[in-house]
K.L.:
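My questions will all concern the structure given below.
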Amino acid sequence: MTMSKTVSLLLTFLCVLMISSGQVLFKSAALQTASATGVIERWLNVPLIIALAIYGVATLLWIWVLRHTSLSVAYPMFALAFLIVPLLAHFFLQEPVSIKTFIGGALIIIGVLVATQA
């Protein structure tokens with residue numbers, strides 16, 4: 001059973017968004033861990049638990065996507081995380097973002113478009 005290319009790309013992009021949000025949550029967890037005083041407080045914080053859950057679901061979704069599409073189409077889309085993560089970090093963690101991020105992101109988007117065309 002084959003999945004339409006559009007659905008495949010959308011589900012792959014959902015995986016990228018999940019992994020990207022997980023990265024921002026891991027950073028948030030790391031910041032909370034640095035200020036935590038107890039061992040349990042250090043390792044059982046909400047962002048870490050949510051990030052692990054997101055990664056688990058994203059992994060299952062990725063496996064499902066790979067059953068229905070080729071790796072040569074799905075995998076290049078993961079490069080979009082190199083643009084999405086810095087943007088999420090800027091908006092949610094107030095990290096700086098430079099014009100270089102946007103230039104690199106544009107190049108990545110062009111590469112993804114080229115790689116995913118039939």
K.L.:
Distance check, rounded to the nearest 0.5 Å: Ile103 atom CD1 versus Ser98 atom OG?
P.N.:
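Answer rounded to 0.5 Å: 8.0 Å.
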K.L.:
Name all residues meeting the ring pair (Phe, Tyr, Trp, His ring centres under 6.0 Å) criterion together with Phe13; count only those two or more places apart in sequence or in a different chain, and write none if there are none.
P.N.:
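Here no residue qualifies.
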K.L.:
Membership question, hydrophobic clusters at under 4.5 Å side-chain separation (ILVMFWY): are Leu60 and Met18 in the same one?
P.N.:
no
K.L.:
Atom CG of Leu88 and atom CG of Leu93: how far apart are they, to the nearest 0.5 Å?
P.N.:
9.0 Å
K.L.:
Between Ile108, Leu107, Thr101, which is the residue that forms a side-chain contact (heavy atoms from CB on, under 4.5 Å) with Phe82?
P.N.:
Ile108
K.L.:
Quick one: salt bridge (charged side-chain N to carboxylate O under 4.0 Å, His left out) pairs with a partner in residues 68-85, sequence neighbours left out?
P.N.:
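Output for this query is empty, none listed.
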K.L.:
Do Phe91 and Ile84 share a hydrophobic cluster, counting only Ile, Leu, Val, Met, Phe, Trp and Tyr and linking them when any side-chain heavy atoms are less than 4.5 Å apart?
P.N.:
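Cluster IDs for Phe91 and Ile84 match.
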K.L.:
Can you check whether Leu66's main-chain N or O pairs, donor with acceptor, with Thr69's side chain at less than 3.5 Å?
P.N.:
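A pair under 3.5 Å: no.
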K.L.:
Per the salt bridge (charged side-chain N to carboxylate O under 4.0 Å, His left out) rule, what does the pair list look like for residues 68-95, sequence neighbours excluded?
P.N.:
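Checked against salt bridge (charged side-chain N to carboxylate O under 4.0 Å, His left out) - neighbours excluded - the pairs reaching residues 68-95 are Lys27-Glu95.
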K.L.:
For the pair Thr12 (side chain) and Ser8 (backbone), establish whether a donor and an acceptor sit closer than 3.5 Å, ignoring hydrogens and angles.
P.N.:
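Yes, the answer is positive, given that a donor and an acceptor are paired below the 3.5 Å cut-off.
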K.L.:
For Val65 and Ala74, work out which heavy atoms get closest and say how close.
P.N.:
CG1-CB, 4.4 Å
K.L.:
With sequence neighbours excluded, give me every side chain to side chain donor-acceptor pair (under 3.5 Å) pair touching residues 70-94.
P.N.:
Ser70-Ser72
K.L.:
Are Leu10 and Val73 connected, step by step, through hydrophobic side chains (Ile, Leu, Val, Met, Phe, Trp, Tyr) whose heavy atoms are closer than 4.5 Å?
P.N.:
no
K.L.:
Can you give the donor-acceptor pairs under 3.5 Å from side chains of residues 47-59 to other protein atoms, not counting sequence neighbours?
P.N.:
| residue | atom | partner | partner atom | Å |
| --- | --- | --- | --- | --- |
| Tyr55 | OH | Gln23 | NE2 | 2.2 |
| Thr59 | OG1 | Tyr55 | O | 2.8 |

K.L.:
Count I, L, V, M, F, W, Y as connected when their side-chain heavy atoms are under 4.5 Å apart, and connections chain through other members. Are Ile19 and Trp62 then in the same cluster?
P.N.:
yes
K.L.:
Is there any salt bridge (charged side-chain N to carboxylate O under 4.0 Å, His left out) pair reaching into residues 6-15, and which pairs are they, with sequence neighbours excluded?
P.N.:
none
K.L.:
Are side-chain heavy atoms of Leu11 and Cys15 found at a separation under 4.5 Å?
P.N.:
no
K.L.:
Tell me whether Leu71 shares a hydrophobic cluster with Val112, the cluster being built from Ile, Leu, Val, Met, Phe, Trp, Tyr side chains joined at under 4.5 Å.
P.N.:
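Yes, Leu71 connects to Val112 through the hydrophobic network.
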